[in-house]
Peer 1: 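My questions will all concern the structure given below.
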Amino acid sequence: MAIQRTRLLASFLAINSFFWFADPTLGLAGGVGGQLVRSLMLVVTAAWLARGWRRSSDDYRRESLSVSLRRQLEPLEPQLQAALDGRSLAQLSAAEVFTLAKALPAHLRTNTLTIYRNVLEDMFSSGRLDRASAFLQLEELRGVLGLQEADHHEALRELALRDPGLLELDARQRQARDLRQAAATDAVADLLDLGTGSPAQFDALTPRQRQRLERLRQESGLDDAAWATVLAAFDPLASLRSPLIARNLELLALLIESRRSVAQACEHELLMQPLLVALDLQIVSVLVNLAPAMAKGLEDELQLPERLLRQLPGSVEIRLDLRGIRLPAADPGSESSEAETALAPPPLDGVLQELWQDPDPLTAAWALWMLRRRNPELASSVFRQPRLGLPSSKQSALLLSQIDQPGISVTALETRLLEILSLDASASQCSPAALLDRASTSAV
């Protein structure tokens, strides 16, 4: 708020200082005419200053959010004509854009998480948001779209898979990357002798053109995700052949095997069950990012293993159905080769260590709590690794205190959690955050 008011005051002083020392009419209207223009400018800018001074930080935040939200609703505008009542999205005020998002028709409600994720991406890309403040800044938008805290973490997880650098870079670094990306786009257009947006078939390039294209990629300094975006400006299918897609396939295989490792541990440790749900959510995020490639029929080209489809738990398919995503049916003829191609499950300690970087801070705290019970030294080492968004609830702080201060007891909380998991079958489908909520509710 202080920054906004400082900008307002500086603009007011700069404008009026300029007109005070310079004749705005250039002498054409005489001294009296120049003074009238100065007085008029002073009155107008004073009214503008007074109006802006009374505005709260919530007003600025809502206006900033409405710009991104309006951009995400534009593709849905033909389906929103009844709610728009003859107006266009551009004519709506910030408050009206939020009201429209809240009143989305039932058949569009499945798009709310995608809309929220795209708003996040747009604001991160433009430097108007950072990961540390994103949760609080978008609280109103989540309420409007009917989303929960878990949906925010899911959106962050999907963004991290789509563009790893988006959440790791600050505003200045993202701006530098965008400039390099724009320069690379122009260079590719010159190479292909095409304008941006013109169709191009990269498979038809000559060997010499391929060498020049590879040299452009190396000189641009762009990562795989940014370079795929450059190529997608000329060939939409290029983004579907991105190395990130192949990397997501490898991650999908690893997550499925990690889930198997945690499932084996659940046979002896009931408190591991919530981490199965956390891994299900990670698998869903990977499949959401793979969905465009699968929809275009590129799964054969990308070698989507049939065994991965067979090993997906039913809970993952249910979550995908809620997002409107259907997986291709597995080929019955590939069943015999599954045992030969299956990967060995990774060590459980390694799986728990990876979960420390999950966007959901409560999942991270739970994973580290389980690691502390198995390997205290490794848990202490992992706890010193940096991560954003550490837990803010009493339960999660208590779990992490076991790593930081091993003498603190969590017996009461552990007893409630074990009781819920033992007596309530539906608790096995709860994430760490949901289970901790149940435990705190039952303790009241």
Peer 1: Between Leu312 and Glu317, what is the shortest heavy-atom contact and its length?
Peer 2: O-OE2, 4.5 Å
Peer 1: Can you check side-chain contact (heavy atoms from CB on, under 4.5 Å) on Val262 and Gln273, steps first, answer last?
Peer 2: CA-CA 8 Å; Val262 173; Gln273 284 190 358; over 6 Å; no
Peer 1: Backbone N or O of Leu421 within a donor-acceptor pair of the Asp424 side chain at under 3.5 Å?
Peer 2: no
Peer 1: Find the distance between CG (Leu138) and CG (Asp151) and round it off to the nearest 0.5 Å.
Peer 2: 12.5 Å
Peer 1: Mind listing the closest non-hydrogen atom pair of Val382 and Gln353 along with its distance?
Peer 2: CG2-CG, 3.5 Å
Peer 1: Would you mind reporting whether Arg259 and Val351 have side-chain heavy atoms less than 4.5 Å apart?
Peer 2: no
Peer 1: What I want to check is whether the side chains of Arg61 and Ser66 have a donor and an acceptor closer together than 3.5 Å.
Peer 2: no
Peer 1: Measure the spacing between CE of Met123 and OG of Ser64 and express it to the nearest 0.5 Å.
Peer 2: 3.5 Å
Peer 1: Determine yes or no for a side-chain-to-main-chain donor-acceptor pair under 3.5 angstrom, with Gln91 supplying the side chain and Ser88 the backbone.
Peer 2: yes
Peer 1: Of all heavy-atom pairs between Pro78 and Pro75, which one has the smallest distance, and what is that distance?
Peer 2: CD-O, 3.7 Å
Peer 1: If you define the side chain from C-beta out and look only at heavy atoms, does anything of Arg157 sit under 4.5 Å from Val286?
Peer 2: no
Peer 1: Do Arg319 and Asp280 sit within salt-bridge range, that is, some charged N less than 4.0 Å from a carboxylate O?
Peer 2: no
Peer 1: Below 4.0 angstrom, N of the basic side chain to O of the carboxylate: do Glu377 and Arg372 qualify?
Peer 2: no
Peer 1: Does atom CD (Gln148) have a neighbourhood of more than 12 heavy atoms from anything else shown, all under 6.0 Å?
Peer 2: no
Peer 1: Check step by step if salt bridge (Lys or Arg N to Asp or Glu O under 4.0 Å) holds for Glu219 and Arg212.
Peer 2: CA-CA 10 Å; Glu219 292 174 351; Arg212 292 179 60 189; over 6 Å; no
Peer 1: Ile325 and Asp321: side-chain contact (heavy atoms from CB on, under 4.5 Å), yes or no, with the steps?
Peer 2: CA-CA 5 Å; Ile325 297 175; Asp321 284 339; over 6 Å; no
Peer 1: Dump the intermediate steps for side chain to side chain donor-acceptor pair (under 3.5 Å) on Asp358 and Gln282, then the final yes or no.
Peer 2: CA-CA 8 Å; Asp358 190 274; Gln282 290 192 6; 2.7 Å; yes
Peer 1: Less than 4.5 Å apart, any side-chain heavy atom of Arg416 and any of Leu435?
Peer 2: no
Peer 1: Identify whether the distance between the nearest side-chain nitrogen and carboxylate oxygen of Arg117 and Glu154 falls below 4.0 Å.
Peer 2: no
Peer 1: About how many Å separate CG of Leu320 and OG of Ser315, when rounded to the nearest 0.5 Å?
Peer 2: 9.5 Å
Peer 1: Any donor and acceptor pair, going by atom type alone, linking the side chain of Trp366 with main-chain N or O of Leu271 inside 3.5 Å?
Peer 2: yes
Peer 1: Kindly indicate whether the side chain of Arg384, heavy atoms from C-beta on, has any atom under 4.5 Å from the side chain of Ser380.
Peer 2: yes
Peer 1: Considering only NZ, NE, NH1 and NH2 on the basic side and carboxylate oxygens on the acidic side, decide whether Arg373 and Glu414 come within less than 4.0 Å.
Peer 2: yes
Peer 1: Just verifying a value: how many Å separate Asp190 CG and Leu216 CG, rounded to the nearest 0.5 Å?
Peer 2: 9.0 Å
Peer 1: Are side-chain heavy atoms of Leu69 and Leu65 found at a separation under 4.5 Å?
Peer 2: no
Peer 1: Is it the case that atom CZ in Arg7 sees more than 12 heavy atoms from other parts of the structure closer than 6.0 Å?
Peer 2: no
Peer 1: Begin with the C-alpha distance, continue with both residues' side-chain angles, and end with the deciding distance and a verdict on salt bridge (Lys or Arg N to Asp or Glu O under 4.0 Å) for Glu96 and Arg87.
Peer 2: CA-CA 11 Å; Glu96 289 173 327; Arg87 293 193 294 171; 3.1 Å; yes
Peer 1: Decide side-chain contact (heavy atoms from CB on, under 4.5 Å) for Gln311 and Arg260; before the verdict, give the C-alpha distance in whole Å, the side-chain angles of both, and the deciding distance to 0.1 Å.
Peer 2: CA-CA 9 Å; Gln311 293 175 1; Arg260 189 153 62 95; 5.6 Å; no
Peer 1: Between Ile283 and Leu252, which heavy-atom pair has the shortest distance, and what is it?
Peer 2: CG2-CD1, 3.7 Å
Peer 1: State, to 0.1 Å, how close Ser125 and Asp178 come at their nearest heavy-atom pair, and which atoms those are.
Peer 2: O-OD2, 3.8 Å
Peer 1: Quick check against the 3.5 Å criterion: does Asn111 have a side-chain atom that pairs as donor or acceptor with the backbone of Thr114?
Peer 2: no
Peer 1: Which heavy-atom pair separates His153 from Pro359 by the least distance, and what is that distance?
Peer 2: ND1-O, 3.3 Å
Peer 1: Just so I know, are the side chains of Pro274 and Met370 near enough to count as touching, which here means a heavy-atom distance under 4.5 Å?
Peer 2: no
Peer 1: With rounding to the nearest 0.5 angstrom, report the CG to OG distance, Leu362 to Ser431.
Peer 2: 8.0 Å
Peer 1: Start with the C-alpha distance between Tyr116 and Gln72, add both sets of side-chain angles, then the distance that settles side-chain contact (heavy atoms from CB on, under 4.5 Å), and finish with yes or no.
Peer 2: CA-CA 9 Å; Tyr116 182 81; Gln72 304 312 319; over 6 Å; no
Peer 1: If you round to the nearest 0.5 Å, how far is CG of Leu104 from NZ of Lys102?
Peer 2: 12.0 Å
Peer 1: Do Val316 and Pro313 have side chains that approach each other closer than 4.5 Å (heavy atoms only, starting at C-beta)?
Peer 2: yes
Peer 1: Think Arg142 forms a cation-pi with Phe135, using NZ or CZ under 6.0 Å from the six-ring centre and within 45 degrees of its axis?
Peer 2: yes
Peer 1: Does Arg217 reach the side chain of Val230, with side-chain heavy atoms less than 4.5 Å apart?
Peer 2: no
Peer 1: Is the closest basic N to carboxylate O distance between Glu121 and Arg162 below 4.0 Å?
Peer 2: yes
Peer 1: Looking at Asn16 and Phe12, would you say the former's side chain and the latter's main chain have a donor-acceptor pair under 3.5 Å?
Peer 2: yes
Peer 1: Would you find more than 12 non-hydrogen atoms of other residues, nucleotides or ligands less than 6.0 Å from Glu139 atom CD?
Peer 2: no
